[in-house]
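Have a look at the structure below before the remarks.
In listed order, ligands and their atoms are each counted from 1. Both backbone and side-chain heavy atoms feed into the values below; hydrogens, waters and symmetry mates do not.
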Amino acid sequence: MKETDKQRTVAFISHGGAGKTSLAEGILYLTKTTNRLGRVDDGTSVLDFEPEEVQRKISISTAFHSYIWKKHEVHFMDCPGDENFLNDTRTCLRGADGAVVLVDAVDGVKVGTEKTWAFADEYELPRVVLINKMDRERADFFKCLAELGEIFQTPCLPVAIPIGAEASFKGVINLLDQKAYLYEDAGGKFSPGDIPADLAETAAEWREKLIESVAESDDELLEKYLEEGELGPEEIAKGLVTAVRKRALAPVCCGAGLKLIGTPQLLDLINEVLPSPANRGPVKGHKPGEETEVELAPDPSGPFSALVIKTITDPYAGRLTIFRVFSGTLAPDSTFYNANKELKERFGQILALEGKSQKPLESAGPGTIAAVAKLKETTTSDTLCDEANPIIIETPKPLPPVISYAIEPKAKGDEEKIFSALSKVLEEDVSLKMDRGGETKEIILSGMGQIHLEATLDKIRRKYGVEVILKTPKVAYKETIKGKTRIQGRYKKQTGGRGQFGDTWLEIEPLPRGGGFEFVDRIVGGVIPRQYIPAVEKGIVEAMAGGVISGNPVIDVRVSLVDGSYHSVDSSEMAFKIAGSLGFKKGFVQCNPTLLEPIMLLTVTVPDEYMGDVIGDMNSRRGKVLGVESKAGRQVIKAHVPQVEILQYSPTLTSMTGGRGSFTIEFSHYDEVPAHLQEKIIAAGKKDEEE
Ligand SMILES: Nc1nc2c(ncn2[C@@H]2O[C@H](COP(=O)(O)OP(=O)(O)OP(=O)(O)O)[C@@H](O)[C@H]2O)c(=O)[nH]1
Ligand SMILES: [Mg+2]
């Protein structure tokens with residue numbers, strides 16, 4: 001059995017492009033896990049290996065690997081930072097015990113930093129911060145540090161400060177051992193030395209602040225510090241660990257991951273302060289089907305539990321299920337119990353993940369991230385466990401999709417192929433949503449952003465060979481009426497032998513919104529024989545489905561069949577169906593017809609300062625603000641807005657709020673389209689019909 005105190009399971013998180021993948025490649029190289037330094041920029045990264053990632057030079061999907069550094073075995077995840085792919089980051093992060101938050105030394109704290117920081121808060125993860133890319137022009141360590149202090153509640157204090165910056169960034173000063181680490185080249189080689197004289201004062205100042213903060217997080221230390229005015233090196237080190245693990249402090253270090261400057265010091269920090277699975281404590285959950293709480297200690301010989309954090313589907317290799325073990329130890333060629341699906345799954349090899357490749361593992365204990373292939377029923381967020389000790393580990397719901405497109409195959413007839421390819425991709429990406437068979441009969445694909453959907457379609461093309469185009473989804477308009485009428489629908493045809501005859505009188509009137517369709521049979525005295533009456537209704541229903549004025553379906557009407565006549569030889573179901581349809585269409589236009597549009601409930605959450613802009617924009621989109629509520633320092637604005645006005649709301653909100661807003665949209669009700677907008681919709685509907 002492996003000891004778990006020398007094990008770490010960490011995630012690299014940040015806003016997009018802060019250098020996580022480059023840092024991780026550097027770590028793999030430095031720890032001799034790989035023998036060649038992979039680079040994002042030339043497509044040689046073993047972590048960003050999917051063609052969609054290589055092409056865009058961003059991480060789309062969390063990649064997993066592990067390394068050994070000073071006898072510690074560290075499993076890590078390189079998470080995406082781009083807004084479009086943060087759902088994956090959030091899902092995978094549930095499997096980490098600690099996080100390394102990267103901040104670009106030029107860009108500072110960005111929205112993506114705030115969002116990923118919030119995910120780490122959600123899971124109560126201890127974290128360290130790396131101010132990265134110190135070699136870039138305009139890199140500013142202390143400006144970033146100030147931003148961290150302003151934005152986050154957890155105090156962020158340096159344990160290392162930079163020596164030089166930009167092109168002359170040379171190394172780091174470790175405030176704990178008070179040594180300077182100078183880098184000769186970009187290969188990660190350094191030599192320790194004394195703190196340069198010009199930085200001695202700054203280093204002493206920040207060291208004092210660090211010690212103060214460490215002391216404040218522990219009563220005993222504080223007492224000693226106040227009495228003696230200082231703490232010994234061991235006390236500081238121990239106090240720092242305690243402070244980090246209870247999230248009273250996030251230590252900040254610096255470096256340039258691409259050049260491996262500061263990377264060894266970061267690796268030391270990960271080993272020293274982030275928790276092992278044992279330090280992290282038991283995993284909490286509940287019994288399947290019950291609320292009874294269950295806790296499982298991170299004991300390698302205890303009952304097994306693991307959480308599925310990712311599923312990858314491949315048309316050839318099949319399904320790969322990636323999980324984080326919380327307790328117990330898994331052996332190959334065995335079974336485990338899926339507590340969510342309530343069934344047992346059999347598996348063969350256990351695989352260690354090494355970026356794009358895998359290798360067999362003999363066992364997987366607490367803290368390990370591993371995978372098994374070809375499970376049948378298990379999906380992301382399921383808990384795998386021991387049937388005798390079942391547990392369901394709570395996971396958050398996926399982030400709601402923010403953008404929707406209609407999709408169409410490039411080649412006619414490929415609809416089924418798209419549908420089955422998408423179903424596969426949906427399995428691995430829970431932030432995608434597909435709707436089919438809605439009002440407009442389109443396949444609607446929703447996701448976290450334009451790039452998310454585009455990358456998904458690229459993947460479908462590559463893996464399943466279907467070409468798809470994105471289109472703005474159609475709005476499901478409806479026709480209805482505001483007035484009533486009494487009308488005759490008559491169909492008579494005499495050609496040679498037997499003729500056709502059907503004669504109806506209809507009363508057409510509006511129903512309240514949501515009333516749908518009512519057909520009332522008021523025929524008395526057999527003026528229309530019973531057997532023809534359903535045909536009349538059928539004719540009307542068909543006419544309604546195709547629409548009368550704009551090609552959109554009719555709703556909220558009542559049609560009463562009040563009178564009519566028939567011919568004993570020429571009448572037929574067909575004739576009455578046509579008569580009903582003709583009567584309905586003729587009558588409908590006399591009833592002051594109008595168009596209805598779907599109105600959505602738009603809920604927007606933004607920091608205070610953007611409220612005015614957001615409400616102003618809602619008003620300009622024919623929205624009606626229903627109310628504003630203040631929640632955890634943010635404003636939640638609810639409004640009814642016509643769907644057509646917010647088909648592409650995501651980029652609008654992003655540009656209004658610098659990415660700090662979030663929103664959800666759901667259907668609310670139908671309402672009348674203002675008269676001046678109806679003409680265009682009617683014309684477009686007619687054009688569609690002609691085509
Ligand atoms: N100057 C400089 N550039 C860097 C450094 N680290 C990364 N870069 C560059 O920054 C860009 C983004 O780097 P990545 O490693 O892909 O960043 P990331 O955080 O993984 O990006 P996402 O996964 O898409 O969020 C690339 O062009 C890198 O070459 C660094 O330390 N210094
Ligand atoms: Mg990356």
Enumerate the atoms of ligand 1 whose separation from the nearest heavy atom of Ile58 is less than 4.0 angstrom. 24 (O)
Can you pull out the closest protein heavy atom to atom 32 (N) of ligand 1? Residue, atom name and distance to 0.1 Å, please. Asp135 OD1, 2.8 Å
Are any of the side-chain heavy atoms of Asp429 and Lys459 separated by less than 4.5 Å? no
Per-atom contacts, ligand 1 versus Gly16 - under 4.0 Å to a heavy atom: 25 (O)
Please lay out, stage by stage, how Gln450 and Tyr405 fare under the test side chain to side chain donor-acceptor pair (under 3.5 Å). CA-CA 9 Å; Gln450 178 95 20; Tyr405 276 92; 2.8 Å; yes
If you measure every N or O of Gly257 against every N or O of ligand 1, does any of those distances drop under 3.5 Å? yes
Kindly confirm whether the Mg ion (ligand 2) is within less than 2.8 Å of some N/O/S atom in Ser59? yes
Between the side chain of Asn87 and the main-chain N/O of Leu399, is any donor-acceptor distance below 3.5 Å? yes
With the side chain counted from C-beta on, respond yes when Arg90 and Tyr123 share a heavy-atom pair under 4.5 Å apart, and no when they do not. yes
List ligand 1 atoms under 4.0 Å from Ala256, heavy atoms only on the residue side. 31 (O)
Can you sort out which atoms of ligand 1 are near Arg136, meaning under 4.0 Å from one of its heavy atoms? 1 (N)
Nearest to atom 28 (C) of ligand 1, what protein heavy atom do you find, and at what distance? Asp41 OD2, 3.5 Å
For atom 17 (O) of ligand 1, which protein heavy atom lies nearest, and how many Å away is it? Gly19 N, 3.1 Å
Please tell me if the side chains of Thr311 and Arg319 come closer than 4.5 Å, counting only heavy atoms from C-beta onward. yes
Is the closest N or O pair between Pro80 and ligand 1 shorter than 3.5 Å? no
Around atom 8 (N) of ligand 1, find the nearest protein heavy atom and jot down its residue, atom name and distance. Lys133 CE, 3.5 Å
What protein heavy atom sits nearest atom 6 (N) of ligand 1, and how far off is it? Leu258 CB, 3.6 Å
I want to know if ligand 1 touches Gly17 in the polar sense, i.e. an N/O pair below 3.5 angstrom. yes
Please determine which of Arg324, His75, Gln7, Arg245 meets the side chain to side chain donor-acceptor pair (under 3.5 Å) test together with Asp97. Arg324
Can you tell me how far the CD1 atom of Ile322 sits from the CD atom of Glu428, to the nearest 0.5 Å? 9.5 Å
Under 4.0 Å from a heavy atom of Ser59: which atoms of ligand 1 are those, numbered in the order shown and with their elements? 20 (O), 22 (P), 23 (O), 24 (O)
Ligand 1 atoms in contact with Thr21 (distance to a heavy atom under 4.0 Å): 15 (O), 18 (P), 20 (O), 23 (O)
Heavy-atom proximity to atom 7 (C) of ligand 1 ranks first, among Ser22, Gly26, Gly112, Ser14, for Ser22
In terms of residue, atom name and distance, what is the protein heavy atom nearest to atom 25 (O) of ligand 1? Lys20 NZ, 2.7 Å
To the closest 0.5 Å, what do you measure between CG (Asp104) and CE (Met134)? 10.5 Å
Hey, does the side chain of Glu25 reach the backbone of Arg39 with a donor-acceptor pair shorter than 3.5 angstrom? no
Name the orientation class of the two ring planes belonging to Trp206 and Phe142 (parallel below 30°, tilted from 30 to 60°, perpendicular beyond 60°). parallel
Check: Ser22 side chain, Leu258 main-chain N or O, donor-acceptor pair, under 3.5 Å: no
